[in-house]
Structures are given as structure tokens and as C-alpha cells.
Visitor: 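Input: one structure, supplied below.
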Amino acid sequence: MDNNPTILYVEDNPENRLLIRRILQAEGYTVLEASNAYQAIDLVKTENPDLILMDINLPEMDGYTLTARLKTMPKLSTVPIIALTANVMRGDRERTLEAGCDGYIQKPVDVDALPIQIIRFLKEAGHI
Ligand code: MN
């Protein structure tokens, strides 16, 4: 990949972080990680991710609330936030979109499909 887009993955589960990090690094992405909402909010003050993968079930502040908060930050206005969640009950997809998420990827992650989904979201946002 030419200019190594940066992806921030917000996820409290270390095993999930390891899996996704391996997939994304193998595709040439720079990967930033936050294990909770407050880390994510701190990180985006100094880093400039091209895309954010957002776990929904996070401790203290959930991914819906965090997404809504990040979407108020002008520097993130063109950064797609993609919900990554095992919440498959009816209405969950709608709820991620209401919170301001730009898309939705269901857990468990399909490791072959993930890179294709990421490229699609980056292209839609004009980041590649
Ligand atoms: Mn979680």
C-alpha cells in the first residue's frame, strides 16, 4: 500500500485486538489501539487515523456513546467509524447508524472479508 493508511481499533478484548492487528498489519496498515473510550479520545488528539474500527461493548463508555462523542470532533469529520460488534439483535445495526457510525461489520470477523470491507470504507471516505 502506498501511504499506509492508519486504522484505530477500539476494543477491550486483547485477543480480538491481536487478531485484527495481525490482519491489518499484514495488509500494510498502521494500526493504533485503544482498550477503552478514554484512551481512544486521548489518542485522536495527537494521531490522525484514516478509519476507526469501533467495538460496541466497551467498559464504562460504550461504543455508541464514544462514536457520538468522536463525531463532534471537527478533525474526525471525514473519518469513517465502523462498528465491529457481536450485537446481532434486531435494531443493533440501526442503533450504530443513529450513533453516527458509517458502517457495520459483524463479529466474529470474517478474516478474508475484513480487508475488502476496510478498503471499501476507505474508498467511500476518499482516504485511498
Ligand atoms: Mn468488547
Side-chain angles (χ1 to χ4, degrees):
M1 204 168 290
D2 280 349
N3 55 352
N4 285 18
T6 297
I7 297 177
L8 168 60
Y9 183 28
V10 187
E11 167 68 76
D12 59 321
N13 182 312
E15 291 173 8
N16 289 345
R17 288 204 306 273
L18 178 62
L19 172 68
I20 300 298
R21 182 197 316 143
R22 283 182 174 161
I23 296 170
L24 296 179
Q25 286 179 340
E27 296 291 324
Y29 294 105
T30 299
V31 182
L32 305 171
E33 296 171 28
S35 59
N36 62 56
Y38 302 103
Q39 273 185 14
I41 289 166
D42 266 355
L43 254 175
V44 297
K45 288 175 185 164
T46 53
E47 303 284 347
N48 297 296
D50 295 289
L51 180 145
I52 298 172
L53 287 177
M54 178 68 67
D55 181 31
I56 294 300
N57 296 312
L58 294 168
E60 299 174 62
M61 185 193 302
D62 68 24
Y64 300 122
T65 308
L66 176 58
T67 295
R69 186 176 289 198
L70 295 179
K71 282 292 182 181
T72 68
M73 299 174 70
K75 70 177 288 189
L76 297 179
S77 62
T78 68
V79 177
I81 301 181
I82 310 303
L84 196 53
T85 174
N87 294 344
V88 292
M89 283 164 56
R90 186 183 297 183
D92 286 332
R93 183 188 173 87
E94 289 70 18
R95 205 169 159 207
T96 63
L97 299 178
E98 278 167 20
C101 291
D102 301 279
Y104 179 95
I105 292 173
Q106 197 166 304
K107 285 180 176 177
V109 169
D110 179 331
V111 298
D112 296 317
L114 183 66
I116 299 161
Q117 293 169 309
I118 299 253
I119 283 175
R120 200 182 71 228
F121 287 124
L122 284 169
K123 279 184 179 161
E124 279 175 8
H127 288 272
I128 55 172

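Atoms within each ligand, like the ligands themselves, are counted from 1 in listed order. Atoms considered below: every heavy atom in the structure, side chains included; atoms not considered: hydrogens, waters and symmetry mates.
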Visitor: Within 45° of the axis and under 6.0 Å from the centre of the six-membered ring of Tyr64, does NZ or CZ of Arg95 qualify?
Guide: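 Yes, Arg95 and Tyr64 form such a contact.
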Visitor: Starting from the Mn ion (ligand 1), look over the N/O/S atoms of Asp12 and name the nearest one.
Guide: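 Going through the N, O and S atoms of Asp12 one by one, OD1 ends up nearest to the Mn ion (ligand 1).
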Visitor: Looking only at N, O or S atoms, find the one in Asp55 nearest to the Mn ion (ligand 1) and name it.
Guide: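 For Asp55, the N/O/S atom sitting closest to the Mn ion (ligand 1) is OD2.
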Visitor: Looking only at atom types and distance, does a side-chain atom of Gln39 sit under 3.5 Å from a main-chain N or O of Ser35, one as donor and one as acceptor?
Guide: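 Looks like yes, one N/O pair under 3.5 Å.
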Visitor: For the pair Arg17 and Asp12, find out whether any cationic side-chain nitrogen is under 4.0 Å from an anionic carboxylate oxygen.
Guide: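 No salt bridge links Arg17 with Asp12.
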Visitor: Kindly give the heavy-atom pair with the smallest separation between Asp102 and Lys71, and that separation in Å.
Guide: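 In this case the closest contact between Asp102 and Lys71 is OD2-NZ, 2.8 Å.
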Visitor: Has Asn57 got an N/O/S atom less than 2.8 Å from the Mn ion (ligand 1)?
Guide: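 Within the cut-off used here (under 2.8 Å), Asn57 does place an N, O or S atom near the Mn ion (ligand 1).
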